[in-house]
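Throughout, protein chains are lettered first and strands after them, A, B, ... in sequence-line order, and every chain is numbered starting at 1. Computed over heavy atoms, backbone and side chain alike; hydrogens, waters and symmetry mates excluded.
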There are 2 protein chains.
Amino acid sequence: MDAALQVLDAEGLDAVTMRRVAQALNTGPASLYAHVADKDEMVQLVFDRVLSEVEYPQQIDAERWDEQLKDVCRSVRAALGRHRDIARAGLGNIPTGEGALPGMNAIVGLILAGGVSERVASLSVDILGLYLTATAYEESLDSFPGSEKASEDFHVELQNFFISLPVEKYPYLHMLAGPLTDGDGDHRFEFGLDILVRGIASTVQADGRPTGVS
Amino acid sequence: MDAALQVLDAEGLDAVTMRRVAQALNTGPASLYAHVADKDEMVQLVFDRVLSEVEYPQQIDAERWDEQLKDVCRSVRAALGRHRDIARAGLGNIPTGEGALPGMNAIVGLILAGGVSERVASLSVDILGLYLTATAYEESLDSFPGSEKASEDFHVELQNFFISLPVEKYPYLHMLAGPLTDGDGDHRFEFGLDILVRGIASTVQADGRPTGVS
DNA sequence: ACCTGAACACCGTTCAAGT
DNA sequence: ACCTGAACACCGTTCAAGT
């Protein structure tokens with residue numbers, strides 16, 4: 001597992017193959033099958049390990065549940081961001097490993113502390129997880145493929161493309177050419193996080209009783 | 001391109017390889033490089049083609065911008081859902097193909113019709129795209145790998161896992177074992193969509209002037 | 001401009017055989 | 001229980017050669 005994480009951090013998720021990891025262990029790929037069912041399980045274990053880095057409050061403060069919730073989410077983003085494009089491995093899965101459970105338990109607890117129903121809490125944790133892995137994955141694509149230079153060039157190119165679009169055919173895309181390609185990652189993340197957390201909160205009326213939403 | 005789409009629909013995205021597509025064309029893999037730079041470009045073209053199936057209103061009705069916006073989003077989900085796990089190909093990319101642009105232009109227009117700033121509109125279209133591709137991808141994993149039976153078994157298994165969790169260690173996960181694994185896809189999708197669209201709308205005050213959000 | 005066969009450098013996984 | 005070498009059935013991509 002340490003070996004797999006090392007390969008991931010050094011070369012990215014695509015390099016985390018049975019053969020590459022085995023090589024880092026000075027052995028052959030077949031040997032790994034004594035410890036792991038298949039490649040997917042290996043990658044899932046790495047993902048779980050990364051999630052174990054997530055920090056969460058030991059105590060839930062119901063008054064500040066939304067800020068605490070956001071902090072856990074920021075910690076998830078930070079953990080994923082520290083390990084290349086590992087977020088890709090989390091896209092289709094509900095993580096059930098030892099590393100992920102404490103953080104997930106905290107997130108569920110914080111959402112419930114917001115006063116929402118169990119149903120809404122379940123849907124919320126789902127969509128929040130989706131948001132965290134998907135944004136982390138997108139950001140990882142920006143940071144690595146080439147140098148930072150390449151990604152900046154790509155930005156300019158994309159903006160030029162939108163500007164070049166025929167105004168009569170795509171008026172709105174043309175209009176937003178600037179802001180659409182303006183990428184401050186931290187800010188984007190906070191915007192989405194704020195919308196989601198406020199959306200979850202808006203599901204509860206001022207008196208603390210759940211609204212009829214969904 | 002037709003051949004690639006056929007392979008996708010019949011066997012899923014993993015089967016869309018240079019070799020498989022070439023075979024469907026009764027030729028060798030090297031021949032494809034006369035029409036396409038690499039595999040990624042080929043898959044991206046397929047993705048763009050799928051997005052061309054998206055339906056959008058010819059005329060924006062500013063009064064009903066949110067319902068119109070939701071309808072376009074539903075159409076994106078439907079289009080992606082018709083083509084296996086193609087959504088995976090859309091995860092890290094801003095689509096710039098002929099097929100995707102009209103729908104994207106409509107989405108941007110509808111968000112702007114909601115009265116938000118250009119900045120917020122850009123962030124919103126971004127997060128909405130993230131949500132659409134990520135949910136479509138997750139749903140595609142549920143529908144295919146094995147039969148529907150297998151996915152139901154998996155559900156039960158997952159629920160049992162959460163129930164089996166030690167209550168003192170993971171109280172909230174244990175509590176939500178039921179709803180957390182209760183998957184009505186349509187309903188989940190609508191819940192998230194509603195939160196996002198309301199979140200975007202909440203960025204504008206009642207008088208139509210943008211709030212100071214983000 | 002388009003196509004081809006052959007090759008290169010990789011994959012995940014299996015399996016008989018060993019300790 | 002753990003490891004190994006060799007093999008199988010695949011990959012994407014390149015390249016010289018053809019039309």
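Within residues 2-19 of chain A, the residues approaching DNA chain C are A:Thr17, A:Met18, A:Arg19, by heavy-atom distance under 4.0 Å. Looking at residues 84-94 of chain A, you'll see that no heavy atom sits under 4.0 Å from any atom of DNA chain D.
Listed by first then second residue, pairs satisfying salt bridge (Lys or Arg N to Asp or Glu O under 4.0 Å) with a partner in residues 38-49 of chain B read B:Asp2-B:Arg49, not counting sequence neighbours. Applying the salt bridge (Lys or Arg N to Asp or Glu O under 4.0 Å) rule to pairs touching residues 19-34 of chain B yields B:Glu11-B:Arg20, sequence neighbours excluded.
Residues satisfying the ring pair (Phe, Tyr, Trp, His ring centres under 6.0 Å) criterion with B:Tyr131, sequence neighbours excluded, are B:Phe189. Partners of B:Asp9 by salt bridge (Lys or Arg N to Asp or Glu O under 4.0 Å), not counting sequence neighbours: none found. Partners of A:Asp66 according to the salt bridge (Lys or Arg N to Asp or Glu O under 4.0 Å) rule, which considers only residues two or more places apart in sequence or in another chain, do not exist here. A search for salt bridge (Lys or Arg N to Asp or Glu O under 4.0 Å) contacts involving A:Asp186 returns A:Arg77, not counting sequence neighbours. In terms of the salt bridge (Lys or Arg N to Asp or Glu O under 4.0 Å) criterion, residue partners of A:Glu53 (sequence neighbours excluded) are, by chain and number, A:Arg82.
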Per-pair distances, 0.1 Å, donor-acceptor, side chain in residues 96-113 of chain B, under 3.5 Å, sequence neighbours excluded:
| residue | atom | partner | partner atom | Å |
| --- | --- | --- | --- | --- |
| B:Asn105 | OD1 | A:Tyr172 | N | 3.0 |
| B:Asn105 | OD1 | A:Leu173 | N | 3.1 |

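Between A:Lys39 atom NZ and D:dC10 atom P there is a gap of 18 Å when expressed in whole angstrom units. A straight line from CE of A:Met42 to P of C:dG12 spans 7 Å, rounded to a whole angstrom. Atom pair B:Asp38:CG and D:dC11:C1' shows a separation of 14 Å (rounding to whole Å applied). To the nearest angstrom, C1' of C:dT4 lies 14 Å from CG of B:Leu25. The CG-C1' distance, from B:Leu32 to C:dA1, rounds to 16 Å in whole Å. Atom CG of B:Asn26 is separated from atom P of C:dG5 by 11 Å (rounded to the nearest Å).
In terms of modelled atom types and a separation under 3.5 Å, the side chain of B:Thr133 and the main chain of B:Gly129 share a donor-acceptor contact.
With respect to A:Glu138 and A:Arg88, no salt bridge is recorded, no charged nitrogen being found less than 4.0 Å from a carboxylate O.
Looking at every heavy atom in both residues, B:Gly90 comes nearest to B:Phe47 through CA-CZ, 3.4 Å.
The only option from B:Leu8, B:Asp14, B:Val50 that meets the side chain to side chain contact (heavy atoms under 4.5 Å, CB included) definition with B:Arg84 turns out to be B:Leu8. The only member of B:Asp85, B:Ile86, B:Thr135 that meets side chain to side chain contact (heavy atoms under 4.5 Å, CB included) when paired with B:Leu80 is B:Ile86.
Between A:His35 and the phosphate of D:dA1, there is no side-chain N or O to OP1/OP2 separation shorter than 4.0 Å.
In secondary-structure terms, DNA chain D builds stems of at least 3 consecutive Watson-Crick or G-U pairs, each pair having both distances under 3.5 Å, at C:4-8 with D:12-16, C:12-16 with D:4-8.
Taking atom P on both nucleotides, C:dA9 is separated from D:dA9 by 22 Å, rounded to a whole Å.
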Which pairs, protein N/O on one side and nucleotides 14-17 of chain D N/O on the other, fall under 3.5 Å?
none

